[in-house]
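Start at 1 and go down the list; that is how both ligands and their atoms are numbered. In what follows, every heavy atom counts, from backbone to side chain, and hydrogens, waters and symmetry copies are set aside.
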Amino acid sequence: MYKVYNPKLRELPPSIGRLGELAYNLWFSWSDQAKSLFARIDPLLWDQYVHNPVRLLAEIDASKLQQIAADESFVQQYDAVIRQWDEYLQAPSWFEETYPQHKQQAIAYFSAEFGFHESLPIYSGGLGVLAGDHCKSASDLGVPLVGIGLLYKKGYFNQKIDTDGNQLAETVTYDFAKLPIAPAYADAAPSELPQELVVTVALADRTVRLKVWHVQVGRVSVYLLDADLEENSPWDRELTAQLYGGNQDIRIAQEVLLGIGGVKALRALGVPTGVFHINEGHAAFLSFERLREQLDKGLSFHAALEVIRASTVFTTHTPVPAGHDAFPLPMFEYYLHDLFTAYGQYRDVLTQLGLDAGKNLFNMTYLALNTSAIRGGVSKLHGQVSREMFRGFHGNIGAEEVPIGHITNGVHLSTWLAPELKELYSRFLPGTWTTSQTNKDQWGGIDLIPAESLWAVHKQLKEKLIGYARANLREQRRRNSMPAEVIEEVRQYLSKDALTIGFARRFATYKRANLVFSDLNRLDRLVNDPDRPVQFMFAGKAHPADRPGQELIREVYRVSQMERFSGKIVLLENYDMNLARYLVQGVDVWLNNPRRPHEASGTSGQKAALNGVINFSVLDGWWEEGYDGSNGWSIEMNNEADWATQERENTESIYRLLENEIIPLYYNQGALPTQWVNRMKRSIRTLAPVYNTDRMVMDYTNETYAPSLARTRHFIANDYEEAIKVADYKQFILQHWHQVRIIEVNDGSGKARVASQAADPLKEVSVTVKFGPVWYKDTAVEIVYYEEHSGRWQQRVIEMEPSRQLDDSTVIYRASIPAHLKHGPHFSVRVHPISPNFARRFELPLVTTF
Ligand SMILES: *Cc1c(COP(=O)(O)O)cnc(C)c1O
């Protein structure tokens, strides 16, 4: 097996000998005790080094190390943290107990970004933070997950705001030797010297070498690929320089390196992979490499595809067609030149897997959909939107039948919940509340917290945020060379007593950061009400190529600089996980007003909810299912109206709710707003047990990983017997399906009879189907009709029973249906292939309807 050797930072005094080891395990990022231990070494440096313990230990004075090593109370705290850490690593896990049969096989989780912690800046926003939180909960639950990503030498970027509100994207080149990452080493015989692992990937007309780095995330290993090696050409060395940097060429090259290089790295490391999880289309080329492996084993293309599908899970994150990565065909062929040369006979079938024929593009989401048996979106609403969007893929079926499900996103509790609140909750919830956080009942304990205690901690967190925000603003002004008195003004900014509304996320246009500025005079009346003031904090980065996004930043900045809003509407710079923690823990209300349904899930509101910050949001993404009428507020609109109208209605709803409900509730009872605190409690109690990544990773395990592992095992047993059978069967069906015809429908009009229990009279319908060479038992014959339920049309499907065989290939089916339904105007009949070996009901896009 592979090995990991953490670089020896330096000789540490024996009494604190394992601090180095601890610094290399991102477990520290969700252990409040470990973080406070590192902070204690040198609080200023800890902040200055963006909470990076590796750099802290590498650069701190030797004398300081000697001093803490001799400090009895420090060593005591150190011992306690190490004990907790060892216990954590060895604790029996949910996965081992639930799926002992699967513990030898890894789930390979591929993502273009991972947001673990501010010290490892390889994320740009929600997608990365979700991937990071997924790994952390996998570690907590003992799921044998292995992450694969890219190591970006220049990370994303640091955001600076100038005096005109322009976003300046500052890039930093990171010193990998001082990040919590370590080189991975190739599998070597005990006698050999370990070698740093390098894998090679064919890219266009050349070969790119990738160094493999290792990140330890609790019990989970994540491997990151890095092209910045001397052996690579200067152009190739830059391929992993920046997250989503540059043009389409860089993008497709990055995706080839991630997908194909990632699989090669896992093989070189000897990781026994069972399932591959494609987290957003970027990583879908992993299926090409896995198909190639199967072809090399001598499997037919179709059998290979069955194996890959059975063992692949895909999560899509983008509810807008334009948001999916797609490349011009010549570009795609150029970068995959090597594959198409060596496997020329498969060129067409491989291209077909991602072909968007209408646009002549190779679409990464199509590739992911076509090579995964289990696919889903990231919230209930997003699942629905995805089914509509990809309906064309699956033949003539209702959108609700499209085999794309959803698992709603969550957040990692220990990462996002304020330590102060963790302590408070611990006093009122059962002892094991963090490890059983998905248990709704225990969260009832939140109601036992005295209102004054919850309010006191909340106020404390708010003051912490205000202090941090002032420092952020002061630094902006200092850097922009503002006069000393202007810098000092910041001391007066923001009030701990004002109702504080937070809005922080990527500045993408659909998130409409400027919506609340639609009527500045009305906003002015709210913000400057002497008795009941309101203040706003904004933060977020726009992608450097996103000009409209940057214009939004300028607009927020301009408003923040207006005399009347000075110190009451502020724009904080360089939104990262650190600033995110301060905001979601410290504001009173979390505002989110995206253009519905463009927010696939959203997770920042979930972080806020955990901390008793109340959501005030459009019913989009997770909030559509999270909001229950009394655990926050919903921004209303008519979903059917055009965008301009929706925007007007949303704006009106925001002002109206603020004026009539939110502000009055907040200022209702003076120093202790009991009703407000009750709403905080309701929000925590109803949302925390559901919108966490423990629930999410358990759902992924139960609904996707475990079934995929079982099905794959079945498919590959006895030399791929079942996979070959299924592939052959599908080919047969595809070839002969055109012979399946519904030749007669007898809808028995008029011959109604009243069924014993049912109020509705039923009648019998019979249908004659000719199957040709297809076996009738390999199909389902169904009646489909629509029923109106409270204004919405819902599909009803009635399975018909074979009742008489006319000849070898002709069968009559019967079913009882509501008597008023007539064939044609009211119902249709359909036949489609089924098989116990299909992962889902509509696995083949074959539906014959009459
Ligand atoms: C959680 C988080 C996000 C995602 O926020 P959304 O509101 O879901 O878009 C983005 N950036 C950072 C730094 C985060 O912590």
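Protein heavy atom in closest approach to atom 9 (O) of ligand 1: K511 NZ, 2.7 Å. The protein heavy-atom contact nearest to atom 5 (O) of ligand 1 is S604 CB, 3.5 Å.
No heavy atom of W590 sits closer than 4.0 Å to any atom of ligand 1.
At a threshold of 4.0 Å, the pair D226-K153 does not count as salt-bridged, since none of the basic side-chain nitrogens sits closer than that to a carboxylate oxygen. A salt bridge links D699 with R695: the closest approach of a Lys/Arg side-chain nitrogen to an acidic carboxylate oxygen falls below 4.0 angstrom. Checked for salt-bridge contact, R682 and D628 meet the test: a charged N lies under 4.0 Å from a carboxylate O. Taking the charged nitrogens against the carboxylate oxygens, E573 and K160 have no contact shorter than 4.0 Å, which rules out a salt bridge. Checked for salt-bridge contact, K380 and E624 miss the test: no charged N lies under 4.0 Å from a carboxylate O.
Less than 4.0 angstrom separates some heavy atom of W416 from each of these atoms of ligand 1: 15 (O). Distances below 4.0 Å separate heavy atoms of G126 from the following atoms of ligand 1: 3 (C), 4 (C), 10 (C). Atoms of ligand 1 found under 4.0 Å from any heavy atom of K607, numbered from 1 in the order shown, are 1 (C), 2 (C), 3 (C), 14 (C), 15 (O). Here is the list of ligand 1 atoms found below 4.0 Å of a heavy atom in V129: 14 (C), 15 (O). Near G125, with a cut-off below 4.0 Å to any heavy atom, the atoms of ligand 1 are 10 (C), 11 (N). For ligand 1 and A580, the ligand atoms under 4.0 Å from any heavy atom of the residue are 15 (O). Atoms of ligand 1 lying under 4.0 Å from any heavy atom of G602, numbered from 1 in the order shown and given with element: 8 (O).
Cation-pi geometry between R595 and Y510 is not met at under 6.0 angstrom from the ring centre and within 45 degrees of the axis. Relative to the ring axis of F517, R558 does not place its NZ or CZ within 45° and under 6.0 Å from the centre.
Of the listed residues (T603, D140, D694), just one forms a side-chain hydrogen bond (donor to acceptor under 3.5 Å, both in side chains) with H412, and that residue is D140.
Open room surrounds CD on E423; 12 or fewer heavy atoms of other groups in view lie less than 6.0 Å from it.
Distances between N or O atoms of Y575 and those of ligand 1 include no value under 3.5 Å. Geometrically, ligand 1 and T603 share a nitrogen or oxygen pair separated by less than 3.5 Å.
Using a 4.0 Å cut-off between heavy atoms, L579 makes no contact with ligand 1 at all.
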